[in-house]
Protein chains: 2
Amino acid sequence: MAKGRVTVVDIANAVGVSKSTVSLVLQASPLVNEATRTKVMAAIRDLGYVYNRSAANLRQSTSKIIGMVVNDLTNSFFAELAVGVDMVVQSAEYVQFLANTGESIDRQREVVASMREHGISGLIISPARGTEAADFKSFVGSGIPVVLVVRNVPGAKVSSLVSDNHAGSFAGVEHLAGLGHTRIAFLGGFPDTAVFSERFHGYRDALSRLGIPFDESLVVGSAPSRAGGVEAIERAMLLAEKPTAAVCFNDAVAFGVCDGLRSRRMEPGLDFAVVGFDDVIEAKTAVPALTTISVDPQGMGRRAAQLLLKQINSGKVEAESIVSSVRLVVRQSCGAQFGKAERRMAQ
Amino acid sequence: MAKGRVTVVDIANAVGVSKSTVSLVLQASPLVNEATRTKVMAAIRDLGYVYNRSAANLRQSTSKIIGMVVNDLTNSFFAELAVGVDMVVQSAEYVQFLANTGESIDRQREVVASMREHGISGLIISPARGTEAADFKSFVGSGIPVVLVVRNVPGAKVSSLVSDNHAGSFAGVEHLAGLGHTRIAFLGGFPDTAVFSERFHGYRDALSRLGIPFDESLVVGSAPSRAGGVEAIERAMLLAEKPTAAVCFNDAVAFGVCDGLRSRRMEPGLDFAVVGFDDVIEAKTAVPALTTISVDPQGMGRRAAQLLLKQINSGKVEAESIVSSVRLVVRQSCGAQFGKAERRMAQ
DNA sequence: TGACTTTGTTGGAACGTTCCAATTATTTAA
DNA sequence: TTAAATAATTGGAACGTTCCAACAAAGTCA
């Protein structure tokens, strides 16, 4: 009792077996007799034993821990991504370290190093802007699987799971053009990111496919946030030839665009068509409900975790690149529910 | 090289010192000579050594890990709470296990047990509904500090950090009454939670202090979400004597209430006054900007983490109960910016 | 000079588990 | 009856670190 902590050998003594037997019970081994198993279990309960995974990890040199690093947890897209990961990680009886980098590359380096010291057996990361392939060298060197999610890092020899950004904004533009729009803006996002570039090229390629001239002044970048969206639509509305519709970098921007429209007494869906990107939960319940490109962040989190666990279990780490398909979800913010006559948009 | 992993003894051999010396270098001990320190550091870099914290934990029986459990990470209030915790945890060079329970008590029990097995040295938890004091017995027994955050659990002998819910809704009602309202509803939230009861009593006590009769039909519960808010305002508007204003259970509900008002062609702030609770980031940028009771979830997360770290470091775990003060933030959704004549609300 | 102190360094024993090879007890096969 | 197979258990060595007591070398004091 005086000793700090109850260990396997304590329960072994209490029951009158060896620590090895207790260990076998803990691992649910079929080798141990039913009678002794129940006795051991009883002692475990009575003495208040708690399993020490650190010790086990040390011996086995494998842990049931995975690392999860996101660049912005306050963005509900990433929060849901984390929830998706958490779900499969939990049901596989793993536990996750979660860290938020807030786009800081230094912070990212710190937490990733710390996780590595703690012996994670895999890492899922939505990398901060400016992450380089070299940042994962240490992992590929020691055979620890890494899954890049949402954002890819060129040249990194690790797996990745990203959404089909090009196809997504392509579909958004097609849809708006089908409603009669020709002045379609592309709003929000930082132009120096891979995701922006993919979504932007989808937008541009759709325009050219549809024979709509591309006008550079209609693409206005901003922070990928609600506040950024407000700012972007304000800038776009300063143009001589105003847009009548917009494909937004993401849903946060799209909500900001709606806010900005309202404060100039325009109703999204009626006076201006807005298409978002991501389909966060609020998109469905907002008023007007947001027409958006559904990426299903939670599903993406689940798939990323499954991919990672598969690689952990198989032992071999061959990088796999998955592009997850997206689909357009038509709701109200694009005005598709109105007849042409009812919409008040210039076309 | 053939051996799996580089250890302290490998670098000790490479440099020509003992493993003890290498260990001292790793701990930045002042006892070791500057020359040998630099030699050891060089070897660490060259051989690609990575520190094994599991082994260290085993020996020291203390870890640099804390556990963080939240009931709903998809709610941005809790996401921000987690970010706040993460900030101070990271800068204290700890790392956090984060798990989401989704209000499931079973899941909560599992993850908490798992974290305990992994040797966390403290736990911050926003408990799922139905959590009992007994669920923390194992922690108080072994002297591991626990901080309950957002929701308290009666009878639990652990620290807690909750916001002043009573004062918050009291202030909300006072403000609305000051604008001339007398039919003030209390919308959203599950009535069987402690937070609901505190916020509801603040509402009720304010009414009685102000001499406004309490009308039970004006309090309508719902899920504490955006969808729940839509539902709650719809039910409230079915009343013969409709409310003209509402204090909402939280911001998510308040946004839902705004959505619901709009879909019946009423403008929040102009036709109906809405006050939220929590002050999530979107509250400021939404249109109309939400008048709300500011709780500062990120700050709360930071304070909770500081409290926990203080207890971890001091070694003594005396339960501390902190009630964090709140303040009313007046924005647009309550209509305070308009003169009495401009508001279109029945009063 | 001898007795101390200071500055670095060190081997070995822990920490709590798992794994391996060895052992005993029991059953089956011939 | 003995040999072989099966079932259940076991002691001890590992895993990679930290801590402790001991020690050597050099400097300080009177």
Side-chain angles (χ1 to χ4, degrees), chain A residues 2-41 43-44 47-65 93 114 116-121 142, chain B residues 2-41 43-44 47-65 93 114 116-121 142:
Chain A
K3 352 178 15 193
R5 185 205 270 270
V6 183
T7 76
V8 274
V9 40
D10 292 324
I11 43 183
N13 292 338
V15 177
V17 293
S18 80
K19 61 185 165 36
S20 304
T21 305
V22 177
S23 173
L24 290 173
V25 171
L26 289 172
Q27 298 168 75
S29 161
L31 270 65
V32 32
N33 185 298
E34 201 50 45
T36 57
R37 155 170 287 124
T38 52
K39 272 192 295 184
V40 169
M41 297 289 248
I44 285 176
L47 301 186
Y49 167 75
V50 3
Y51 185 69
N52 184 334
R53 259 173 222 281
S54 288
N57 293 348
L58 177 57
R59 180 62 233 251
Q60 303 182 130
S61 64
T62 154
S63 75
K64 287 272 214 171
I65 306 176
E93 301 198 290
S114 165
R116 194 150 153 51
E117 293 185 350
H118 278 95
I120 56 172
S121 40
S142 46
Chain B
K3 352 181 15 196
R5 184 205 269 270
V6 183
T7 76
V8 273
V9 41
D10 292 325
I11 41 183
N13 292 338
V15 177
V17 294
S18 80
K19 60 184 166 39
S20 303
T21 305
V22 177
S23 174
L24 290 173
V25 171
L26 289 172
Q27 298 166 74
S29 161
L31 271 64
V32 33
N33 185 297
E34 201 50 43
T36 55
R37 154 171 288 125
T38 52
K39 273 193 294 181
V40 168
M41 296 289 247
I44 284 177
L47 301 186
Y49 167 76
V50 4
Y51 185 68
N52 184 335
R53 260 174 221 280
S54 288
N57 292 348
L58 178 56
R59 180 64 233 252
Q60 305 183 127
S61 64
T62 154
S63 76
K64 287 272 214 173
I65 306 177
E93 300 198 293
S114 167
R116 194 152 152 50
E117 293 184 349
H118 277 96
I120 55 173
S121 39
S142 45

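Every heavy atom of this structure was used, including side-chain atoms; hydrogens, water molecules and symmetry mates were not.
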Query raised in the report: Among D:dT17, D:dG16, D:dG12, which nucleotide sits nearest the side chain of A:Leu58?
Result: D:dG16
Requested in this report: Can you tell me the distance, in whole Å, between the CZ atom of B:Arg59 and the C1' atom of C:dG16?
Outcome: 12 Å
Query raised in the report: If you check every side-chain atom of B:Gln60, which of D:dT18, D:dT17, C:dG16 has the closest atom?
Result: D:dT18
Query raised in the report: Using a cut-off of 4.0 Å on non-hydrogen atoms, how would the nucleic acid contact of B:Thr21 be classed: base, sugar-phosphate, or nothing?
Result: base
**Report entry** Shortest side-chain distance from B:Lys19, nucleotide among C:dG16, C:dA13, D:dT9
**Finding:** C:dA13
Query - N/O (side chain, A:Arg5) to phosphate O (OP1/OP2, C:dG16) under 4.0 Å - result: yes
Report summary line: Taking C:dT10, D:dT17, C:dT17 as options, the one with an atom nearest any side-chain atom of B:Val8 is D:dT17
Query raised in the report: Which residues, if any, of residues 26-36 of chain A bring a heavy atom under 4.0 Å of DNA chain D?
Result: A:Leu31, A:Val32, A:Asn33, A:Thr36
Query raised in the report: Atom CZ of A:Arg53 and atom P of D:dG16: how far apart are they, to the nearest Å?
Result: 20 Å
Query raised in the report: Within less than 4.0 Å of OP1 or OP2 of D:dT18, is there a side-chain N or O belonging to B:Ser23?
Result: yes
Requested in this report: May I ask you to evaluate whether A:Ser20 reaches the phosphate of D:dT10, defined as a side-chain N or O under 4.0 Å from OP1 or OP2?
Outcome: no
Query raised in the report: For D:dT10, does OP1 or OP2 lie under 4.0 Å from any side-chain N or O of A:Ser18?
Result: yes
Query raised in the report: Between the side chains of B:Arg116 and B:Ser142, does any donor sit under 3.5 Å from an acceptor?
Result: yes
